[in-house]
Amino acid sequence: MAVARSTARRYAEAAFEIAERDDSMEAWLAAMTTAEQRLTGPDVMRLLSNPAVPAGSRIEVLDRVLADDVGRVQRNLLALLVRRGRFEQLPAVIREFTRLYREREGIVEADVTASAALDESELEALRARLETMTGKRIELRQTTDPALLGGIQVRVGDQLIDGSVRGRLERLRTDLANIAI
């Protein structure tokens with residue numbers, strides 16, 4: 001598994017370097033999005049990863065599926081994955097490329113979990129507060145968990161900010177348990 005991750009990282013880093021060198025980051029991001037939408041379905045992945053099908057035939061399928069929506073340079077990366085028998089790593093390559101882009105742009109993902117869905121004004125206020133705290137642009141992903149009872153939990157990277165009622169109650173219980181009577 002670690003070898004697959006490092007291999008995907010190498011392909012993504014090479015593509016990222018080309019995108020930076022050629023000032024074609026937008027084309028690469030669009031190509032990655034198109035590839036993810038059209039090529040990562042189970043049937044397509046199985047066909048394009050199948051070594052029993054000649055590589056030339058698999059690359060023809062790749063070209064037909066992508067049509068003119070992906071540039072030649074970006075398509076070369078995808079064809080290289082097919083030829084080298086690494087096409088099953090495409091989702092990991094896309095994730096790694098996206099991570100590199102976000103890192104370069106100073107974008108951090110934050111996962112917000114609330115007991116009920118937050119409205120746009122609440123999300124915007126939270127985003128502004130997190131951007132002030134981190135000094136980076138924040139992209140929020142929202143989920144709901146009624147077990148929180150109220151409040152929110154926010155995970156930014158490996159940091160958890162627990163402002164939930166459940167979290168407060170658990171901390172209160174721990175504090176009370178530690179009081180010597």
Side-chain angles (χ1 to χ4, degrees), residues 1-114 117 123 127 130-131 134 136-145 147 153-161:
M1 186 69 163
V3 171
R5 244 191 328 257
S6 67
T7 301
R9 181 176 298 126
R10 284 195 310 269
Y11 282 103
E13 287 172 350
F16 194 79
E17 286 178 21
I18 292 168
E20 285 187 315
R21 181 194 72 203
D22 296 345
D23 196 27
S24 59
M25 192 63 68
E26 295 304 317
W28 277 93
L29 289 169
M32 293 294 176
T33 301
T34 300
E36 185 170 37
Q37 292 168 348
R38 296 185 190 171
L39 302 175
T40 58
D43 294 336
V44 176
M45 287 293 289
R46 195 173 14 262
L47 172 67
L48 294 176
S49 299
N50 187 348
V53 177
S57 298
R58 288 183 281 156
I59 291 171
E60 286 177 17
V61 169
L62 180 81
D63 289 340
R64 272 185 277 153
V65 170
L66 296 175
D68 293 330
D69 297 330
V70 173
R72 182 186 54 79
V73 175
Q74 295 82 13
R75 196 177 305 200
N76 285 345
L77 169 69
L78 302 170
L80 183 64
L81 290 171
V82 168
R83 280 193 299 277
R84 292 204 174 157
R86 303 258 189 217
F87 196 79
E88 74 282 349
Q89 293 184 16
L90 177 63
V93 171
I94 293 170
R95 277 192 308 276
E96 185 64 20
F97 186 92
T98 303
R99 185 194 65 76
L100 290 167
Y101 171 75
R102 289 172 189 251
E103 184 178 288
R104 182 188 93 161
E105 296 297 311
I107 300 171
V108 176
E109 290 182 345
D111 294 312
V112 179
T113 306
L123 286 172
R127 179 181 289 107
L130 291 171
E131 286 177 349
T134 63
K136 298 185 182 223
R137 284 189 2 219
I138 299 290
E139 286 187 3
L140 292 177
R141 286 189 308 230
Q142 180 179 195
T143 58
T144 58
D145 181 3
Q153 289 180 337
V154 180
R155 180 169 297 282
V156 180
D158 60 353
Q159 181 181 11
L160 176 66
I161 303 165

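Fair warning: this is a prediction, and the values are worked out from it, not measured in the lab.
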| field | Partners passing salt bridge (Lys or Arg N to Asp or Glu O under 4.0 Å) against Glu103 (at least two apart in sequence or in another chain) | value | Arg99

| task | Would you check if the side chain of Gln153 reaches a backbone N or O of Thr113 as a donor-acceptor pair within less than 3.5 Å? | result | no

| Atom pair CG/CD1 of Leu77 and Ile18 - distance to nearest 0.5 Å | 7.5 Å

Donor-acceptor contacts under 3.5 Å from residues 21-30 side chains, at least two apart:
from: Ser24; atom 1: OG; to: Trp28; atom 2: NE1; distance (Å): 3.4

| Pairs touching residues 29-42 that satisfy side chain to side chain donor-acceptor pair (under 3.5 Å), sequence neighbours left out | Arg38-Asp69

| request: Taking the side chain as every heavy atom from C-beta outward, state whether Val44 and Val61 have any pair of such atoms under 4.5 Å apart. | output: no

| Heavy-atom pair with the smallest gap, counting every atom of Tyr11 and Val93 | CB-CG2, 4.0 Å

| task | To the nearest 0.5 Å, tell me how far Ile161 CD1 sits from Gln159 CD. | result | 4.5 Å

| remark: CD1 of Ile59 to CZ of Phe87, rounded to nearest 0.5 Å, is 10.5 Å

| If every non-hydrogen atom of Glu131 is compared with every non-hydrogen atom of Ile138, which pair is closest and at what distance? | OE2-N, 3.1 Å

| Thr134 side, atom OG1; Ile107 side, atom CD1 - distance, nearest 0.5 Å | 11.5 Å

| message | Between Val108 and Val156, is the side chain to side chain contact (heavy atoms under 4.5 Å, CB included) condition met? List the steps. | response | CA-CA 7 Å; Val108 176; Val156 180; 3.5 Å; yes

| field | Arg102: partners by salt bridge (Lys or Arg N to Asp or Glu O under 4.0 Å), with sequence neighbours left out | value | Glu109, Glu139

| said: Quick one, Val112 and Arg127 - any side-chain contact, counting heavy atoms below 4.5 Å? | reply: no

| query | Is the closest side-chain heavy-atom distance between Leu140 and Leu130 below 4.5 Å? | reply | yes

| query | For Phe16, which residues count as a ring pair (Phe, Tyr, Trp, His ring centres under 6.0 Å) partner, sequence neighbours excluded? | reply | Phe97

| field | Minimal non-hydrogen separation, Glu20 against Arg104, with atom names | value | OE2-CD, 3.1 Å

| remark: All heavy atoms of Lys136 vs all of Gly106, minimum pair found to be CB-O, 3.2 Å

| request: For Arg72, enumerate each residue passing the side chain to side chain donor-acceptor pair (under 3.5 Å) test, keeping only those at least two apart in sequence or located in another chain. | output: none

| field | Contact summary for Val154 and Ala110, nearest pair of heavy atoms | value | CG1-CB, 4.3 Å

| Partner set under salt bridge (Lys or Arg N to Asp or Glu O under 4.0 Å) for Glu105, not counting sequence neighbours | none

| said: So, using side chain to side chain donor-acceptor pair (under 3.5 Å) as the criterion, who are the partners of Asp43 when residues are at least two apart? | reply: Arg46

| query | Under the side chain to side chain donor-acceptor pair (under 3.5 Å) test, which residues partner Ser49, sequence neighbours left out? | reply | none

| Between CG on residue Asp111 and CD on residue Gln142, distance to nearest 0.5 Å | 11.0 Å

| side chain to side chain donor-acceptor pair (under 3.5 Å): which pairs involve residues 54-68, sequence neighbours left out? | Asp63-Arg75

| request: Can you see which heavy atom on Gln89 is nearest to which on Ala8, and at what distance? | output: OE1-N, 3.4 Å

| said: Applying side chain to side chain donor-acceptor pair (under 3.5 Å), can you list everything that pairs with Glu13, at least two apart in sequence or on another chain? | reply: none

| query | How far apart are the C-alpha atoms of Leu66 and Leu39, what are their side-chain angles, what is the distance that settles it, and do they pass the side chain to side chain contact (heavy atoms under 4.5 Å, CB included) test? | reply | CA-CA 8 Å; Leu66 296 175; Leu39 302 175; 3.9 Å; yes

| message | So, using salt bridge (Lys or Arg N to Asp or Glu O under 4.0 Å) as the criterion, who are the partners of Arg95 when residues are at least two apart? | response | none

